[in-house]
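What you see below is based on every heavy atom in this structure, not just the backbone, and it leaves out hydrogens, waters and symmetry mates. So that the names make sense, note that chain A is the first sequence line, chain B the second, and so on, each numbered from 1. Fair warning: this is a prediction, and the values are worked out from it, not measured in the lab.
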Amino acid sequence: MSEASLLAFLVGLLAATLRVATPLLYATIGEVYSERSGVLNLGIEGVMFLGAFVGFAAAAQAEAAGWGAYLWVGLVAAMISGLLMALLMALLSVTLGLNQHVAGLGITLLCTGLAMFGFRLVFGERPVLPRISPFSQLNPFPGTPILDPLLNQYLLTYLAFLVLVPASVWVLYHSNFGLQLRAVGENPEAADAAGINVFRIRYAALAISGVLMALGGAFLSLAQLGAFSPGIVAGRGWVCIALVIFARWDPLRAMFGALLFGGMFALQLRLQTQGFQLPYEVLLALPYLVTILALAVAGRHAPYPGAYLKPYRRE
Amino acid sequence: MTTDEVPAVRMRGIWKRFGTVVANRGVDFDLRPGEIHALLGENGAGKSTLMRILYGLYRADAGTIAVNGAPATIRSPHDAIAHGIGMVTQHFALVSPMTVTENVILGCDQRIRLDLKAAQQQVSAAADRVGLSIDPRALVKDLSVGQRQRVEILKALYRQARVLILDEPTAVLVPQEVEQLFATLRRLRQEGVSVVFISHKLHEVMQITDRVTVMRAGEVVGAAETSRVTPTDLARMMVGRPTIGVIKPRTISAAQPQAALQLEGVSARNNKGLPALRNLSLEVRAGEILGVAGVAGNGQTELAQVIEGVRPVTSGRLLVCGQDITNAGPRRAMDAGVGRIPEDRHESVVGAMSVAYNMALEHLDEFTRSGLIDRRRLRQHAERLIGQYQIRARPDDPIRTLSGGNMQKVILARVLDRNPRVIVVSQPTRGLDVAATEYVRGKLVEQRQKGAAILLISEDLDEILELSDRIAVIYEGEIRQILDAGEATLEALGLLMAGLRR
Ligand SMILES: Nc1ncnc2c1ncn2[C@@H]1O[C@H](COP(=O)(O)OP(=O)(O)OP(=O)(O)O)[C@@H](O)[C@H]1O
Ligand SMILES: [Mg+2]
């Protein structure tokens with residue numbers, strides 16, 4: 001490869017990395033909020049799927065009705081669906097104190113079923129998948145042609161990296177809400193004795209997590225694909241669960257985790273298209289293998305929140 | 001002070017049931033403004049329950065509360081704080097990976113932004129005001145127990161508490177810290193803060209409190225001005241019968257010549273990786289109690305852990321009845337005959353599990369039949385021990401619901417029932433009432449007569465002097481000197497504990 005084409009390859013790889021990492025970043029940070037409050041939210045996979053569907057369906061309807069802002073309608077609808085599911089999760093795991101694994105997996109099953117059923121209901125059986133014209137990419141910093149492919153990204157990607165990450169760092173470490181959230185996840189008895197409403201904080205954390213997870217899902221259907229299919233989320237939610245541990249429940253590290261996985265994913269795609277001499281199954285497994293490896297290295301002695309998985313109840 | 005003054009807190013007809021246990025049966029309690037008020041009673045009398053109701057941690061089944069004469073509904077600590085009530089619970093409610101400042105301001109700042117700099121200054125100022133010296137930036141997990149308690153008190157005062165409840169605050173303190181605490185309490189009294197002081201130590205009650213309320217079996221049996229009663233009166237009210245003389249004649253030593261426990265030049269590190277034990281050697285013979293005296297934090301915890309096999313030794317040897325168990329792990333130590341009664345009761349039981357399970361926990365394999373736990377055997381075993389050790393609990397009660405004394409009896413029963421050849425016991429009577437203390441000490445002496453070698457680690461010098469045949473003073477991870485019980489005096493021990501050689 002010449003120097004120029006190597007550079008182009010790298011820029012292209014980085015650009016793709018950012019795109020792949022975006023939905024992971026939304027969902028991972030969402031999960032960080034809920035786990036920091038002491039609740040493992042395994043509804044993540046399902047809520048992403050539901051978000052992808054609701055966003056797509058609402059956008060498709062609005063587009064058909066001729067609304068200009070149909071994509072934003074989709075986005076808001078997805079967020080509302082995520083919020084509702086989060087409240088259900090909170091009801092089960094916080095108010096009723098059910099086992100968080102069971103509640104979360106239940107939510108994932110429910111969301112998956114709802115989305116599949118909704119898809120049939122709204123679009124019926126069709127020979128070709130329905131499509132919308134998705135969010136387009138834009139470059140807010142034009143002028144450097146070589147970087148153009150890198151800077152040409154979705155607005156949602158810019159929001160994730162430049163707004164969501166710093167905002168979450170601020171919320172967790174520099175706001176009173178963040179302090180209370182961490183205290184509740186670390187030692188709910190102490191938080192309660194300090195006069196904090198443990199239940200309210202956990203509801204809030206779950207609500208934020210649900211909205212972000214749904215946004216991550218909606219990014220797939222409204223930006224990346226412009227379509228919805230049953231395999232759209234493809235286990236990304238479970239990857240995010242691992243990324244949270246890799247990130248040690250920190251939004252900034254979550255960003256690096258998402259980039260690492262995104263980078264591996266983009267790389268294997270490129271290697272496939274370049275006709276690399278390896279069975280494609282191996283390439284497909286690459287990002288997951290790297291995630292497992294990274295987890296094994298970085299996840300040792302992971303500082304789990306003190307009240308992880310523990311429902312809180314006063315005597 | 002006049003009696004027709006409006007009380008700071010008035011509780012009337014408080015009832016609280018836990019399942020079939022009635023913890024409070026129609027309790028009336030008055031707290032006057034600016035007084036230090038002792039709440040006394042045996043283990044399980046219902047003191048903590050009453051105060052947890054006042055702080056909103058439990059809800060009463062019946063009864064009313066008035067604060068400064070106005071009826072108050074207290075459903076949560078949040079409500080209690082709003083009424084100016086603060087509580088330092090028996091087990092501290094602190095978030096240990098967070099700093100002192102973060103813990104103190106937790107939940108009281110209603111602004112969106114967290115301004116830690118300003119908060120640190122406020123916390124420092126508040127600490128200085130009441131004479132509690134503490135570094136606001138320190139992490140709670142790095143603090144000693146005494147310092148943590150100061151954080152708890154600070155937390156309550158920072159929330160403008162006018163009523164401060166302290167549940168057995170001195171149980172975890174060394175004598176100097178107790179003096180500091182009392183100085184703080186006197187200062188608060190001057191400022192008009194009312195204090196509820198729960199303790200089992202009668203001399204402390206006599207020293208610091210203005211009035212005292214005594215509870216027994218969930219009821220108030222009397223209240224009086226402290227200056228008008230004697231410790232003997234209080235003890236009689238608590239147990240409902242005249243107490244036995246506190247000092248019993250010493251039993252003759254049963255020590256046999258051979259050493260059951262030997263430590264040879266043992267060194268070990270603490271959790272922070274710093275040297276905690278330095279080339280420490282000692283022997284405990286079969287049939288003797290060796291007391292280990294020392295100021296908290298001089299390696300006592302690590303010493304016990306090394307013998308129990310839960311802390312690695314970096315050099316030296318550890319022998320039980322001649323068998324080398326250096327770094328062999330807790331299972332081997334137990335098999336070699338080591339029984340452990342650890343410092344922190346709550347860490348050595350599984351709180352949510354039943355009394356029966358906890359009694360069998362260290363030897364579950366013996367209650368297993370073809371891979372399944374034999375519940376009937378488990379239950380019979382528990383019933384036998386409950387009877388034998390006079391434990392007020394049922395086999396199926398979750399152990400965390402037991403009072404301190406009963407929980408300690410469960411642990412005692414679990415260990416002693418196996419007649420271990422070596423017993424390592426730390427702070428065996430911390431937080432226990434007079435009767436339970438007597439009981440536990442009696443059991444230890446009984447084991448000694450049966451030929452067990454007992455290493456008794458305690459911060460209570462009276463306990464060490466009463467029980468030990470020989471006394472080893474530990475200072476910065478070394479044994480400074482070993483004295484025969486006959487030649488040991490409080491002053492001599494005090495000097496050695498402070499690191500001064502004779
Ligand atoms: N959460 C609970 N669940 C069930 N029973 C409880 C609970 N808390 C207390 N009890 C029971 O209520 C009774 C009173 O307990 P409480 O803790 O108030 O006693 P106490 O006077 O504080 O004793 P101690 O001096 O040992 O601390 C005991 O029999 C105890 O086992
Ligand atoms: Mg108590």
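- Cation-pi contact between K16(B) and F18(B): present, with separation from the ring centre below 6.0 Å and deviation from the ring axis of at most 45°.
- Pairs engaging residues 136-148 of chain B under the side chain to side chain donor-acceptor pair (under 3.5 Å) rule: S144(B)-Q147(B) [sequence neighbours left out].
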Would you mind writing out the side-chain donor-acceptor pairs for residues 117-125 of chain B within the sub-3.5 Å range, not counting sequence neighbours?
| residue | atom | partner | partner atom | Å |
| --- | --- | --- | --- | --- |
| Q122(B) | OE1 | Y158(B) | OH | 2.6 |
| S124(B) | OG | Q120(B) | O | 3.3 |

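- For W72(A) and F135(A), the gap between ring centers is short of 6.0 Å.
- Of the listed residues (N197(A), V171(A), N187(A)), the greatest number of heavy-atom pairs within a distance under 4.5 Å of chain B belongs to N187(A).
- Every pair passing side chain to side chain donor-acceptor pair (under 3.5 Å) that includes a residue from residues 92-102 of chain A is listed here, sequence neighbours excluded: T95(A)-Y203(A).
- Most heavy-atom pairs under 4.5 Å with chain B: of the set G306(A), P303(A), A191(A), A193(A), this distinction falls to A193(A).
- Among the residues in residues 74-102 of chain B, those with a non-hydrogen atom closer than 4.5 angstrom to a non-hydrogen atom of chain A are R75(B), S76(B), P77(B), H78(B), I81(B), A93(B), L94(B), V95(B), P97(B), M98(B), E102(B).
- Between D115(B) and R113(B), at least one side-chain nitrogen of the basic residue sits less than 4.0 Å from a carboxylate oxygen of the acidic one, meeting the salt-bridge criterion.
- Using modelled atom types and a 3.5 Å distance limit, the side chains of T20(B) and R394(B) yield a donor-acceptor pair.
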